[in-house]
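To start, the structure itself, in structure tokens.
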Amino acid sequence: MLENKVSRRSFLSMVAGVSMLGLAGCSGGDGASGSTGSEGGDLLEQITERGEMTFATEGTWSPWTFHDEDGDLTGFDIEVARAIAAELGVEASFAEGEWDGLLAGLDSGRYDTMANGVSVTEEREEKYDFTDPYAYNTIVVITRRDSDIASMEDLAGKTTANTLGSSYAILAEANGATNTGVDDFNQTIELLEAGRIDATLNDEVVFYDYMAQHPDADLKIAAENDEPTHVAFPLRREEATASLLAAMNEAIATLRENGTLSELSQEFFGIDITEA
């Protein structure tokens, strides 16, 4: 393990009071059926009646959510979402958009939940009800190989790039970096490889996935956070979502017990990140 790491408790304290989202909206995709509605009764009953559960996602963040060579939407989060929907007896549909609009769309009732590696933070828990975790992330600092950054503290005075309102951007800024907002991970890597920023923060598994596809990339992991963050599905905090939350937790427990979560993690990450 690398030294000079930020504890999960310290990190969660850092994110408190920081604005989480922009006001941008999301575009629909992959069969999304539009507004789910935050009113009108029990959300699980609505989902059952329409036979479809709508998940918001980026679709550009491999191996969590991306399009394969045939253009089909897939990834760990996507397949977990499909498995959960199947446990609920419905189909999963997906609405794709940029990160800073996904939770805003959830707030407005356009989507039922979000499948995009959403980290559970104290600030988000004040606003949303989260399912039980289905995965655990290690956040790392990614730099060029010639970088002298060796710890989270070394980000002070450096430049980074991440999507605005993300856990990565908040952690970078909490350690003194100046963050540039981008649309997705691909733009971040372009800036880093071009030398326009000093570092970026993301998941360890995302870094290794990128390196597997780009083995000649002149990049490295320079530092990492000390404890993994919990990944879960967010729901609007209201009476209408209570039964859906219980049903999703039951589905996650079933998928963990029957090995589906572990198998999907091995398929997309090459390791099992579904256990703490």
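It should be emphasised that the depicted structure is a prediction, and the values quoted were computed from it without experimental measurement. Position 1 is the first residue of the sequence, and the numbers go up from there.
Not one N or O on the side chain of Asp203 forms a donor-acceptor pair closer than 3.5 Å with the backbone of Val206. Side-chain atoms of Arg50 come within 3.5 Å of backbone atoms of Glu52 as a donor-acceptor pair (strictly under, hydrogens ignored). Judged by distance alone, with hydrogens and angles left aside, the side-chain atoms of Lys158 form no donor-acceptor pair with the main-chain N or O of Ile197 at under 3.5 Å. Using modelled atom types, one side-chain atom of Gln46 and one backbone atom of Gly41 make a donor-acceptor pair closer than 3.5 Å. The main-chain N or O of Glu250 is found under 3.5 Å from a side-chain atom of Thr254 such that the two form a donor-acceptor pair. The main-chain N or O of Gly105 is found under 3.5 Å from a side-chain atom of Ser108 such that the two form a donor-acceptor pair. Under the 3.5 Å distance criterion, the side-chain polar atoms of Arg144 are matched with a main-chain donor or acceptor of Leu192. The closest donor-acceptor contact from the side chain of Thr188 to the backbone of Asp184 lies under 3.5 Å.
Look at Arg237 and Asp129 and you find a salt bridge, because one of the NZ, NE, NH1 or NH2 atoms lies within 4.0 Å of a carboxylate O, short of that distance. Under a 4.0 Å N-O distance rule, the pair Arg256/Glu275 qualifies as a salt bridge.
For the atom pair OG1 of Thr178 and CG of Leu155, the computed distance is 10.5 Å after rounding to the nearest 0.5 Å. Atom CD1 of Ile170 is separated from atom CG of Asn175 by 12.5 Å, given to the nearest 0.5 angstrom. Taking CD from Glu267 and OG1 from Thr260, the interatomic distance works out to 11.0 Å, rounded to the nearest 0.5 Å. We find the CD1-CG distance between Ile142 and Leu219 to be 7.5 Å, quoted to the nearest 0.5 Å. Between Ser151 atom OG and Glu153 atom CD the span is 4.5 Å, to the nearest 0.5 Å. Taking CD of Glu49 as the reference point, atom CG of Leu44 lies at 10.0 Å (rounded to 0.5 Å).
Pro234 places a side-chain heavy atom less than 4.5 Å from the side chain of Leu103. Proximity of Ser243 to Asp42: side-chain heavy atoms (C-beta onward) are separated by under 4.5 Å at one or more points. Within the 4.5 Å cutoff, the side chain of Met53 has heavy atoms near those of the Leu244 side chain. Residues Arg236 and Leu43 meet the side-chain proximity criterion, which asks for heavy atoms closer than 4.5 Å. Looking only at side-chain heavy atoms (C-beta outward), Leu261 and Ile252 come within less than 4.5 Å of each other.
Partners of Asp72 by side chain to side chain contact (heavy atoms under 4.5 Å, CB included), not counting sequence neighbours, listed by chain and number: Asp68, Asp70. Residues forming a ring-ring contact (aromatic ring centres under 6.0 Å, His included) with Tyr208 (at least two apart in sequence, or on another chain): none. Take Asp183 and apply the side-chain hydrogen bond (donor to acceptor under 3.5 Å, both in side chains) test, not counting sequence neighbours, and it matches Gln187. Residues passing the side chain to side chain contact (heavy atoms under 4.5 Å, CB included) test with Gln213 are Ser62, Asp209, sequence neighbours excluded. Checked against side chain to side chain contact (heavy atoms under 4.5 Å, CB included), Ala81 has the following partners two or more places apart in sequence or in another chain: Phe55, Phe94, Ala115. Remark: Phe269 pairs with Trp64, Phe76 by the ring-ring contact (aromatic ring centres under 6.0 Å, His included) rule, at least two apart or across chains.
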After noting the C-alpha distance and the side-chain angles of Thr60 and Phe66, does the key distance pass the side-chain contact (heavy atoms from CB on, under 4.5 Å) rule?
-> CA-CA 5 Å; Thr60 58; Phe66 65 99; over 6 Å; no
Between Asn202 and Ile139, is a side-chain contact (heavy atoms from CB on, under 4.5 Å) present by the stated rule, with each step listed?
-> CA-CA 5 Å; Asn202 216 291; Ile139 297 177; over 6 Å; no
For the pair Val141 and Ile149, evaluate side-chain contact (heavy atoms from CB on, under 4.5 Å) and give the outcome as yes or no after the intermediate values.
-> CA-CA 9 Å; Val141 179; Ile149 295 174; 4.3 Å; yes
Passes side-chain contact (heavy atoms from CB on, under 4.5 Å), Val182 versus Leu191? Steps please.
-> CA-CA 10 Å; Val182 293; Leu191 291 174; 3.7 Å; yes
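Defined by atom type and a distance below 3.5 Å, a donor-acceptor pair is missing between the side-chain atoms of Thr131 and Asn249. If you check the side chains of Asn179 and Tyr168, you find no donor sitting under 3.5 Å from an acceptor. For the 3.5 Å distance criterion, the side chains of Thr54 and Ser93 qualify, holding a donor opposite an acceptor. A donor and an acceptor atom, one from each side chain of Glu193 and His214, are nowhere located under 3.5 Å apart. A donor-acceptor pair shorter than 3.5 Å can be found between the side chains of Tyr128 and Asp107. In summary, the side chains of Asp77 and Tyr134 do present a donor paired with an acceptor at a separation below 3.5 Å, with no hydrogens or angles considered. When only modelled atom types and interatomic distance are considered, Thr57 and Thr65 share a side-chain donor-acceptor pair under 3.5 Å.
Shortest non-hydrogen contact noted between Ser119 and Arg124 is O-NH1, 2.8 Å. Summarising the geometry of Glu79 relative to Leu73, their closest heavy-atom pair is OE2-O, 4.3 Å, with the distance given to 0.1 Å. Nearest approach of Ser265 to Asp272, heavy atoms of both residues: OG-CA, 3.4 Å. Annotation for Leu255 and Val80: closest pair CD1-O, 4.5 Å, computed over non-hydrogen atoms. The two residues Val205 and Pro63 come nearest to each other via the heavy atoms O-CD, 4.1 Å. Residues Phe130 and Val120 come closest through the heavy atom pair CD2-CG2, 3.7 Å.
The hydrophobic clustering, which links ILVMFWY residues whose side-chain heavy atoms are closer than 4.5 Å, places Phe233 and Tyr136 apart. Side-chain heavy atoms closer than 4.5 Å link hydrophobic residues (I, L, V, M, F, W, Y) into clusters, and following such links, possibly through other members, connects Leu245 to Val90.
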